[in-house]
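Let me begin by presenting the structure, written as structure tokens, before commenting on it.
Computed from heavy atoms alone, side chains included, the values below leave out hydrogens, waters and symmetry copies.
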Amino acid sequence: MDVIKRNFFKAIRSGVFNTKEQLEPMSLFKWQQLVNLAIKHGLAQFAIKALQDEETHPCFCFPNQTLAEWDKIRKDSVLNSKPLYDMDEYKNLRMNNFFLNRRLRKIVDNELHSIDTNTETLRLLSLYISITTYILRDGIQLNEIIRLGYFLRRNGDRVDYVKFESWINRLKMRHIVTLESSVLIQLFDFSHDEFPFMDKEEENAKELILRDISSLGARDMHFSQGNGAFVHNKNNRATLWHICHSARLMKYYPLETTSNFIHSFASSLSEIEE
């Protein structure tokens with residue numbers, strides 16, 4: 001892992017979980033790359049907070065103009081970012097696979113009408129589904145992973161993990177949930193004990209995430225129709241990304257991965273430009 005990513009994860013751990021880690025000195029150009037990476041993942045407020053906490057250190061004396069720009073980015077991030085904890089997290093859950101989505105709706109409805117309703121368990125399920133949706137559609141979005149970690153540290157003791165495990169088994173989510181949980185263990189210093197529903201850590205989680213977090217470029221497939229009946233792909237790179245990305249994730253969640261790719265492809269075809 002290069003120094004930018006090492007400092008990035010230290011800054012996020014420090015900004016969110018108050019780990020108080022010492023950042024490594026870098027050039028101003030590299031710090032700006034770190035801030036841009038944090039903006040991309042919706043975590044600018046936490047990364048910049050960690051930098052501001054270091055501003056009295058001789059290795060972290062940045063130009064006043066840069067500090068002012070970063071402070072504005074941090075304030076904008078606070079205003080516009082998704083909250084770390086959402087009381088209504090579970091109310092708009094859906095999956096692309098018809099059968100899995102129907103099973104999900106039944107799980108939610110049954111739990112809400114149960115005599116021992118546990119909304120925190122529903123919130124945990126919704127966080128994993130949200131992460132899965134982002135991973136399959138756009139690639140890893142670290143702010144969703146951070147929201148999961150924040151929830152577990154704040155409300156993990158209120159979750160019915162026996163019930164949660166039965167739900168992820170019914171939704172065929174065990175492998176993808178293990179992958180997402182392993183990210184918190186390998187990159188954010190969580191322990192295996194904080195995931196009582198997980199049998200074995202996914203060894204390749206860190207490698208998969210590090211490959212994906214810095215990738216840029218549009219990921220929407222666009223098609224246009226020529227003079228005849230032929231349809232042309234206007235973004236071959238995005239289409240190739242979706243194919244390769246889906247292939248990498250197929251072993252973790254085959255049903256939803258397949259349905260997500262078909263849904264993305266069909267949505268793009270429905271918006272054909274003439």
Side-chain angles (χ1 to χ4, degrees), residues 1-26 31 33-57 59-60 70-71 73-87 89 120-121 123-128 130-132 134-135 140-159 161 164 177-198 201-202 205-210 212-214:
M1 192 189 305
D2 62 50
V3 66
I4 296 174
K5 291 188 179 70
R6 287 200 303 273
N7 273 337
F8 172 74
F9 286 110
K10 286 180 181 180
I12 300 306
R13 289 194 295 262
S14 179
V16 179
F17 303 117
N18 298 313
T19 56
K20 304 302 180 186
E21 299 179 54
Q22 180 63 57
L23 301 178
E24 301 174 52
M26 298 193 301
W31 284 118
Q33 286 185 302
L34 185 151
V35 170
N36 291 339
L37 183 61
I39 293 170
K40 175 180 183 290
H41 288 277
L43 296 169
Q45 59 178 307
F46 304 112
I48 293 173
K49 176 180 178 294
L51 293 181
Q52 291 173 333
D53 290 344
E54 296 275 7
E55 63 183 1
T56 58
H57 193 286
C59 292
F60 298 92
W70 286 353
D71 192 53
I73 291 170
R74 183 188 64 80
K75 290 176 181 177
D76 290 343
S77 178
V78 170
L79 291 174
N80 301 321
S81 294
K82 203 172 183 179
L84 286 176
Y85 182 79
D86 185 354
M87 290 290 291
E89 191 81 49
E120 297 302 328
T121 309
R123 288 191 182 97
L124 180 60
L125 178 66
S126 71
L127 284 166
Y128 274 106
S130 178
I131 294 169
T132 300
Y134 272 102
I135 288 178
I140 187 67
Q141 189 70 14
L142 285 176
N143 65 331
E144 295 295 317
I145 295 285
I146 290 299
R147 292 178 70 239
L148 171 62
Y150 181 82
F151 173 86
L152 288 170
R153 289 280 167 87
R154 171 180 163 166
N155 292 55
D157 58 340
R158 303 179 190 174
V159 173
Y161 288 107
F164 176 76
V177 164
T178 296
L179 173 67
E180 293 156 5
S181 303
S182 298
V183 173
L184 283 170
I185 294 173
Q186 295 173 16
L187 291 172
F188 295 100
D189 292 343
F190 277 63
S191 70
H192 195 288
D193 293 340
E194 292 177 271
F195 305 93
F197 49 85
M198 187 172 70
E201 190 178 326
E202 172 54 51
K206 181 177 178 179
E207 178 186 340
L208 283 169
I209 298 311
L210 292 178
D212 202 38
I213 61 170
S214 300

Step-by-step side-chain hydrogen bond (donor to acceptor under 3.5 Å, both in side chains) determination, Gln186 to Glu201: CA-CA 9 Å; Gln186 295 173 16; Glu201 190 178 326; 2.8 Å; yes
Side chains of [X] and [Y]: does their closest heavy-atom pair fall under 4.5 Å?
X      : Y      : result
Arg123 : Asn155 : no
Ile135 : Glu180 : yes
Leu148 : Leu184 : yes
Val177 : Phe197 : yes

Main-chain N/O of Glu24 paired with Asn7 side-chain donor or acceptor, under 3.5 Å: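 Answer holds: yes.
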Sidechain-backbone polar pair: Thr19 side chain, Ser14 backbone, donor-acceptor under 3.5 Å: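 Yes: the side chain of Thr19 pairs with the backbone of Ser14.
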Whether over 12 other heavy atoms sit under 6.0 Å from Lys10 NZ: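 Atom NZ in Lys10 is crowded, with more than 12 foreign heavy atoms closer than 6.0 Å.
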Tell me the closest heavy-atom pair linking [X] and [Y], and the distance in Å.
X      : Y      : value
Ile4   : Asp2   : N-OD1, 3.0 Å
Ile39  : Ala44  : CG1-CB, 3.9 Å
Trp70  : Ile48  : O-CD1, 3.2 Å
Lys49  : Asn18  : NZ-OD1, 4.3 Å
Tyr128 : Ser181 : OH-OG, 2.7 Å

Quick one: pull up [atom1] in [X] and [atom2] in [Y] and give me the separation to the nearest 0.5 Å.
X      : Y      : atom1 : atom2 : result
Leu179 : Ile209 : CG    : CD1   : 6.0 Å
Leu187 : Ile146 : CG    : CD1   : 9.5 Å
Ile12  : Ile145 : CD1   : CD1   : 13.0 Å
Leu210 : Lys5   : CG    : NZ    : 6.5 Å
Arg147 : Gln141 : CZ    : CD    : 11.0 Å
Tyr134 : Leu142 : OH    : CG    : 12.5 Å

Mutual orientation of the aromatic rings belonging to Phe8 and His41 [parallel < 30°, tilted 30-60°, perpendicular > 60°]: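 Plane angle between 30° and 60°, so tilted.
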Partners passing salt bridge (charged side-chain N to carboxylate O under 4.0 Å, His left out) against Glu194 (at least two apart in sequence or in another chain):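 Testing Glu194 for salt bridge (charged side-chain N to carboxylate O under 4.0 Å, His left out), a comparison that skips the adjacent residues, returns Arg153.
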Salt bridge (charged side-chain N to carboxylate O under 4.0 Å, His left out) involving Arg74 - partner list, sequence neighbours excluded: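 Partners of Arg74 by the salt bridge (charged side-chain N to carboxylate O under 4.0 Å, His left out) criterion, ordered by chain and then number, come out as Asp71.
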From CA spacing to verdict: side-chain hydrogen bond (donor to acceptor under 3.5 Å, both in side chains), Ser130, Glu144: CA-CA 7 Å; Ser130 178; Glu144 295 295 317; 2.7 Å; yes
With sequence neighbours excluded, residues passing ring pair (Phe, Tyr, Trp, His ring centres under 6.0 Å) with Phe17: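 Testing Phe17 for ring pair (Phe, Tyr, Trp, His ring centres under 6.0 Å), a comparison that skips the adjacent residues, returns Phe190.
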CA sep, side-chain torsions, deciding dist, call: Leu124, Leu152, side chain to side chain contact (heavy atoms under 4.5 Å, CB included): CA-CA 8 Å; Leu124 180 60; Leu152 288 170; 3.9 Å; yes
